[in-house]
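Below, all heavy atoms of this structure are taken into account, side chains as well, without hydrogens, waters or symmetry copies. Below, read A as the first sequence line, B as the second, and so on, with proteins coming before strands; counting in each chain starts at 1.
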Amino acid sequence: LVTWTVMINALAQHGHVDEAKRVFDSMRERDRVSWTAMLTAFVDNGRLGDARNLFAKMPERSIFSETAMLTALAREGLIDEAKNLFDSMLERDMISWTAMLVAYADNKMIEEAELVFRTMPERDLVSWNAMLAGYAQNGQFDEAKRLFARMREKNMISLTAMASAYAQNGDLESTKKIFDRMPERSLVSWNTMLSAYAQTGHIEEAKALFYAMRESNLVSWNTMLSAYTASGNIPEARSLFARMKEWDFISWTVMLVAYSQQGLVEESKQVFDEMQERDLASWNAMLSAYAINGHIETARNLFGAMEERDQISWNIMLCAHSRSGNLENAKNLFDLMREHDLVSWNAMLSAYSQNGHLEYAKSIFDRMQERD
RNA sequence: AGAGGCACUGUUUGCAG
């Protein structure tokens, strides 16, 4: 039984989910461990539907399978379902509480995450790290710093998370200070340092670090790629892109955006067309390429052709109309949107002000729930 | 002896910077 379960894990880790499922189906007996192993096999390979079916069919749930399912739901943005599952759990341990914390943080619900962190019965280093990363990833830099200062125990992950928060804030010096003082560094830590150089335009340092790294992965290559594109160095970016062994959505999108930022929409479109598969962010990037380069009609058509749209897609169109002073279109879009975030409100604010409706702009401003 | 939680890269936010 154990051997078979190990097999499922191994197969799933190499992306052979269907093989894993065949092994699972052929097992004479299964225990809770093998059920959970199969569940995470689906989850790790992005098969939420299968994971749900399996979860529904499980003879007995355990805290393991429930936590795994909770995380899977949250990663798909199904935070309400994740919360319901959490509430229905018969027992919860530190891991499931932390999973719930992360579920909120991943869905940008930082206050809820905070509440979980404060109310959970006990916290270990992972919980602290999760809260720290939650702050950092949601742009709550001061909160991150404060929490970091309060931590009585820190490991490599805590240090890397804090370094990353500094990097995001453009504070190269502090990032480097943490990095240099780290007792041990993982590839992720190195990538974080690389990213700090990239974001602050220190190309030479980025390059030196990149080539000095003992090992590198796709994230390192993508980061180096964005170091070049962020500084407008398309030729170097192209050459690096050509030397890459593998590419993911991010690599392609970085190139697409680079062209768009130089006003080279045709080149962006070429990149887009060369992509074998596209995710929503790459569609949005293409949409934005048209929108910010004055091809609003083309953007509109693309928007209409998209199978899936998120808040960002809508904002791109809204901002395009707002920028071009088309108040009516902006307003229509705004009314059609399900949700309005800061970006959408700002776009409307700017549209009204541009058209001389200052008082109305003021009234929008007063109605905004969040401001920055 | 086998299963669940944490860190790194891309897409939207102005006539100011």
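- Here the P atom of nucleotide B/A7 and the CG atom of A/Asp124 are 14 Å apart, to the nearest Å.
- One finds a side-chain N or O of A/Arg323 lying less than 4.0 angstrom from the OP1 or OP2 phosphate oxygen of B/U13.
- A salt bridge does not link A/Lys331 to A/Glu328: none of the charged nitrogens lies less than 4.0 Å from a carboxylate oxygen.
- Rounded to an integer number of Å, the gap from CD of A/Glu66 to P of B/G4 is 15 Å.
- Considering only side-chain atoms of A/Val126, the nucleotide from B/G2, B/A7, B/G5 that sits closest is B/G5.
- Looking at A/Thr3, its side chain has no donor and acceptor atom pair within 3.5 Å of the base of B/A1.
- For A/Asp279 against B/G10, a side-chain-to-base donor-acceptor contact under 3.5 Å is present.
- In this entry the distance linking CE of A/Met244 with P of B/G10 reads 13 Å, nearest Å.
- Between B/A7 and A/Gln137, a contact under 4.0 Å exists linking OP1 or OP2 to a side-chain N or O.
- Residue ring and base: A/Phe64 does not count as stacked with B/G4 (centre distance below 5.5 Å and interplanar angle below 30° not both satisfied).
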* **RNA chain B base-pair string [pairs: Watson-Crick or G-U under 3.5 Å; |: paired with another strand]** => .................
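- Scanning atom types as modelled, one donor and one acceptor separated by under 3.5 angstrom connect the side chain of A/Asp31 and the base of B/G2.
- Taking the six-membered ring where the residue is Trp, A/Trp35 and A/Phe24 present perpendicular rings, their angle passing 60° and hence far from 30°.
- Not counting sequence neighbours, A/Tyr135 has no partner by the ring pair (Phe, Tyr, Trp, His ring centres under 6.0 Å) test.
- Between A/Asp18 and A/Arg22 there is no salt bridge, since none of the side-chain N atoms of the basic residue sits less than 4.0 Å from a carboxylate O of the acidic one.
- In the interface, the side chain of A/Asp93 is not paired with the base of B/G5 through any donor and acceptor atom under 3.5 Å apart.
- Of the candidates A/Arg238, A/Gln270, A/Glu266, A/Arg238 is the only one forming a side chain to side chain donor-acceptor pair (under 3.5 Å) with A/Tyr259.
- Rounded to whole Å, the C1' atom of B/G10 lies 23 Å from the corresponding atom of B/G14.
- In this entry the distance linking CG of A/Asp341 with P of B/U12 reads 13 Å, nearest Å.
- Side-chain atoms of A/Thr5 and base atoms of B/G2 include a donor and an acceptor less than 3.5 Å apart.
- Between A/Lys21 and A/Asp25 a salt bridge is recorded (basic side-chain N to carboxylate O distance below 4.0 Å).
- A straight line from CD of A/Gln311 to P of B/U12 spans 14 Å, rounded to a whole angstrom.
- Nucleotide B/U9 holds its P atom 12 Å from the CG atom of A/Asn217, rounded to whole Å.
- In terms of polar N and O atoms assigned as donor or acceptor, the side chain of A/Ser282 never comes within less than 3.5 Å of the base of B/G10 in a complementary pairing.
- Across the C1' atoms, B/U13 and B/G17 are found 15 Å apart, a figure rounded to whole Å.
- Residues A/Ser96 and A/Ile63 share a closest heavy-atom pair of OG-CD1, 4.1 Å.
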